[in-house]
Amino acid sequence: MVEQHGQGADGPITPRATAYAQWYQDIVAAAELLDQAPVRGCWIFRPNGYLIWEIFQRELDARFKRRGVQNVYFPLLIPQSYIAREAEHVEGFSPELAVVTHGGGEELEEPLVVRPTSETVIWATLRRWIRSHRDLPMLLNQWANVVRWEKRPRAFLRTTEFLWQEGHTAHATAQEARDFALTMLGVYEEFLQTVVGMAPIVGEKPAHERFPGAVATFTLEPMMQDGRALQAGTSHDLGANFAKAFDVTYQGEDGEAHPAYATSWGMTTRVIGGMLMVHGDDRGAIFPPAVAPVQVAIVPVSGRDAGATQAVDEAAATARRDLTAAGYRVALDDRPGLRPGAKFFHWERRGAPLRLEIGPRDLAAGQATAVTRHDGEKRPIPLSGLTGAVQALLAGLQADLAARARTIQESRTQTVDDRAALELAVAQGYALARWCEQYDCATAIQEATRATIRCFPLQDHDGSYHPAPTDPGPCAWCGAPAQRRAIVARAY
RNA sequence: CGGGGAGUAGCUCAGCCCGGUAGAGCACCACGUUUGGGACGUGGGGGUCGGAGGUUCAAGUCCUCUCUCCCCGACCA
């Protein structure tokens, strides 16, 4: 029923205030999500880690399909020449490609790259799939793994191989492509808010941070508890760049050939790491109920005699049966030989959002003791109405976590107008500052503060995104004229 | 790629300076006593000491080479 401890799972957890990076590693271990792989930068997903990804997949996939997106699968290996077809694309990705040079014991005539992303192979194929305006829009997605040879890997946040979904769509007009890129941005935002419990800033990347080959890159930037940003998803308007590079045209109603307009959008296993950093505390991981591998941990407390213990065991088994039947992910911690306290710690570290204690005293009162992980509060709930009470507690907990994340983010976001204020703001969170949109200025900011231009925030009106109103004034860093404010922050 | 650190039991590490029977804690297995916030007793299993070469009667320990991992920076979802 209950898995045994794994490596490092029981080690001490470094407090966040002592060393945030070390704390992060500790709670990844404590939650038993990953294990070390033999290859640098790669991690093994343990059952709990993969279950979270499966839940992400289920939630996102349903949202995609609701918008008419169909799943496909393209191969892992891509001819090296494909990557080179789009000028910015090859420049952007070449440094981090893994290249296969040998196969079947022989050197390959043309090296194959392990996909870092699939725009090239997909657009090479869309050339055959798109003929007429009746073929559009073509809305595709694939669940896949990709490889990017990063210099500095970190568990979940930046791994050599990572799991993601990559959506690829083709449209008849530039406007339609832009609209769809924003639609998917909205899907991501809603997912991060309601499922993951994040409060991402949604915005557009500055030109120098765009995806290689994109005309616009939109991003979601939730704040971690230490004030740093994490890019948690992107949606790109690729314009006609890939259609031109791969010669994809369709015949319009006017009988003429037109280029197809593209989007691509992706979300990765990185978000799992972000979720840990947003919600976890010094006692371990805390998972929002919507994604928790174990939503309810039932800990029976044995009685002084066999009869009382048997009654407790039966009540615990009944609770598990009822909650499981109601669709919850439940663990009954019936491991023998462990005292209740040890089990409490066990489930706290692993992030179970709700714990139910059932002991002789509870049974005498016809109740269970419910303990919410994020605030440690204990409250009795009647065994007769267990499922309903659990549902209410989990719903409240999900909302509490999201609200807490939003509060932290807002309290650490400052609107600033000059260099000194910007430096102070990025030392502890987000700065909302006018920026001149000059690359050299962004570089100067980064060299001085280690912060980067995260995005120009977008505002959500009537389900669509619009740029924030212009706010002319001097660039907070260099004083040159600036039209709008950007989020400036250190990032993972 | 620069700068640090580390490879010895499943995990965390001691042992290395000063060569001589491979250890501790935790975890694991068995039995018993415990059980409302990390229990205890007794017994037990588990090791090519990262790899290769060298010195030596003898190498975890000394020498040479090598591989790998982790952490901190620049590249990135």
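Below, read A as the first sequence line, B as the second, and so on, with proteins coming before strands; counting in each chain starts at 1.
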J.: Kindly state which residues belonging to residues 291-305 of chain A come within less than 4.0 angstrom of RNA chain B, counting heavy atoms of the residue only, listed by number.
T.: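 Residues of residues 291-305 of chain A that come under 4.0 Å of RNA chain B are, in numerical order, A:V301, A:S302, A:R304.
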J.: Rounding to an integer number of angstrom, what distance separates B:U42 and B:U64 when you compare their P atoms?
T.: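 Approximately 47 Å lies between the P atom of B:U42 and that of B:U64.
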J.: When the C1' atoms of B:G50 and B:A6 are considered, how many whole Å apart are they?
T.: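 Looking at atom C1' only, B:G50 and B:A6 are 11 Å apart.
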J.: Taking only the P atom of each, what is the distance from B:A52 to B:A59 in whole angstrom?
T.: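 The answer is 14 Å between these two P atoms.
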J.: Look through every strand shown and name the nucleotide pairing with B:G47 as Watson-Crick or G-U wobble, where both distances are under 3.5 Å.
T.: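 Checking every strand shown, B:G47 finds no partner, since no pair has both distances under 3.5 Å.
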J.: Fit a plane to each ring of A:F242 and A:F211, take the angle between them on a 0 to 90° scale, and name the class: parallel (under 30°), tilted (30 to 60°) or perpendicular (over 60°).
T.: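 Geometry flag for A:F211 against A:F242: tilted rings.
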J.: Report the residues that fulfil side chain to side chain donor-acceptor pair (under 3.5 Å) with A:T269, sequence neighbours left out, ordered by chain and then residue number.
T.: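 Residues passing side chain to side chain donor-acceptor pair (under 3.5 Å) with A:T269: none at all.
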J.: List the atom pairs, donor and acceptor, that lie under 3.5 Å between side-chain atoms in residues 95-102 of chain A and the rest of the protein, sequence neighbours left out.
T.:
none

J.: Just jot down the side chain to side chain donor-acceptor pair (under 3.5 Å) partners of A:R210, sequence neighbours excluded, or say none.
T.: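 None.
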J.: Please enumerate all residues that pass side-chain contact (heavy atoms from CB on, under 4.5 Å) together with A:T443, with sequence neighbours excluded.
T.: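 For A:T443, the residues satisfying side-chain contact (heavy atoms from CB on, under 4.5 Å) (neighbours in sequence not counted) are A:Y439, A:E447.
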J.: Given the C1' atoms of B:U48 and B:G41, what is the spacing between them in whole Å?
T.: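 36 Å, rounded to whole Å.
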J.: Find the partner of B:A24: check Watson-Crick (N1-N3 plus N6-O4 or O6-N4) and G-U wobble (N1-O2, O6-N3) distances, both under 3.5 Å, and reply none if neither fits.
T.: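 Paired with B:U12.
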J.: With rounding to the closest Å, how many angstrom separate the P atoms on B:G5 and B:A14?
T.: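 Roughly 15 Å separates the two P atoms.
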J.: Have a look at A:T159 and say if it touches a base, only the backbone sugar-phosphate, or nothing, with a 4.0 Å heavy-atom cut-off.
T.: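 A:T159: base contact, heavy atoms under 4.0 Å.
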J.: Among residues at least two apart in sequence or on other chains, which ones pass side-chain contact (heavy atoms from CB on, under 4.5 Å) with A:R16?
T.: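 Only A:Y20, A:W23, A:Q225, A:D281, A:D282 meet the side-chain contact (heavy atoms from CB on, under 4.5 Å) criterion with A:R16.
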J.: Go nucleotide by nucleotide along RNA chain B from the 5' end; which of A:F344 and A:R210 gets its closest nucleotide reached first?
T.: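 Result of the comparison: A:F344.
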J.: Check for me: is A:F345 stacked on B:G38 by the 5.5 Å centroid and 30° plane-angle rule?
T.: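 Stacking between A:F345 and B:G38: present.
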J.: For A:E190, enumerate each residue passing the salt bridge (Lys or Arg N to Asp or Glu O under 4.0 Å) test, keeping only those at least two apart in sequence or located in another chain.
T.: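 Salt bridge (Lys or Arg N to Asp or Glu O under 4.0 Å) list for A:E190, sorted by chain: A:R63.
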J.: Could you pull out the protein-nucleic contacts involving nucleotides 71-76 of chain B (nitrogen or oxygen on both sides, under 3.5 Å)?
T.:
{"residue": "B:C71", "atom": "OP1", "partner": "A:Q25", "partner atom": "OE1", "Å": "3.1"}
{"residue": "B:C72", "atom": "OP2", "partner": "A:R152", "partner atom": "NH1", "Å": "2.7"}
{"residue": "B:C72", "atom": "OP2", "partner": "A:R152", "partner atom": "NH2", "Å": "2.6"}
{"residue": "B:C72", "atom": "O5'", "partner": "A:R152", "partner atom": "NH2", "Å": "3.3"}
{"residue": "B:G73", "atom": "OP1", "partner": "A:R450", "partner atom": "NH2", "Å": "3.3"}
{"residue": "B:G73", "atom": "OP2", "partner": "A:R152", "partner atom": "NH2", "Å": "3.0"}
{"residue": "B:C76", "atom": "O2'", "partner": "A:E150", "partner atom": "OE2", "Å": "2.8"}
{"residue": "B:C76", "atom": "O2", "partner": "A:R158", "partner atom": "NE", "Å": "2.9"}
{"residue": "B:C76", "atom": "N3", "partner": "A:R158", "partner atom": "NE", "Å": "2.9"}
{"residue": "B:C76", "atom": "N3", "partner": "A:R158", "partner atom": "NH2", "Å": "3.4"}

J.: Which whole number of Å gives the distance between the C1' atom of B:G60 and that of B:G7?
T.: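 Taking atom C1' in both B:G60 and B:G7, they lie 12 Å apart.
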J.: Would you mind classifying the nucleic acid contact of A:V312 as base, sugar-phosphate or nothing, using non-hydrogen atoms under 4.0 angstrom?
T.: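 No contact at all - A:V312 keeps every heavy atom at 4.0 Å or more from the nucleic acid.
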J.: Tell me, which pairs form a side chain to side chain donor-acceptor pair (under 3.5 Å) where one or both residues lie in residues 147-157 of chain A, sequence neighbours left out?
T.: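 Applying side chain to side chain donor-acceptor pair (under 3.5 Å) to every pair that reaches into residues 147-157 of chain A, excluding sequence neighbours, yields nothing.
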J.: Can you check the distance between B:U66 and B:C76, where both ends of the measurement are the C1' atom (answer in whole Å)?
T.: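 B:U66 and B:C76 have their C1' atoms separated by 31 Å.
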J.: Mind checking who B:U55 pairs with, Watson-Crick or G-U wobble, both distances under 3.5 Å?
T.: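 Across all strands, not a single nucleotide pairs with B:U55.
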J.: Suppose we define a pair by two distances each less than 3.5 Å, Watson-Crick or G-U wobble; what does B:G2 pair with here?
T.: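 B:C72 is the nucleotide pairing with B:G2.
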J.: Considering Watson-Crick and G-U wobble pairs with both distances under 3.5 Å, what does B:A39 pair with?
T.: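 Pair assignment: B:A39 / B:U33.
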J.: Can a donor-acceptor pair be found between the side chains of A:D333 and A:H346 at a distance below 3.5 Å?
T.: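 Checked: A:D333/A:H346 side chains show no N/O donor-acceptor pair below 3.5 Å.
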J.: May I ask which nucleotide in the shown strands pairs with B:C17, Watson-Crick or G-U wobble, both distances under 3.5 Å?
T.: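 Check on B:C17: unpaired, no WC or wobble geometry under 3.5 Å.
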J.: Quick one: list whatever passes side-chain contact (heavy atoms from CB on, under 4.5 Å) with A:A262, sequence neighbours left out.
T.: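 Partners of A:A262 under the side-chain contact (heavy atoms from CB on, under 4.5 Å) test: A:W123, A:L238.
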J.: What parts of residues 353-379 of chain A reach RNA chain B, counting only heavy atoms under 4.0 Å away?
T.: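 Listed by number, they are A:R355, A:E357, A:G359, A:P360, A:R361, A:D362, A:T369, A:K378.
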J.: Report the relative orientation of the aromatic rings in A:W53 and A:W143; use parallel for angles under 30°, tilted for 30 to 60°, perpendicular for over 60°.
T.: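 A:W53 vs A:W143 ring planes: perpendicular.
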J.: I'd like the P distance from B:U35 over to B:C40, given in whole Å.
T.: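 Their P atoms lie roughly 14 Å apart.
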J.: Mind checking what makes side-chain contact (heavy atoms from CB on, under 4.5 Å) contact with A:Q310, not counting sequence neighbours?
T.: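 A:Q310: side-chain contact (heavy atoms from CB on, under 4.5 Å) contacts with A:E314.
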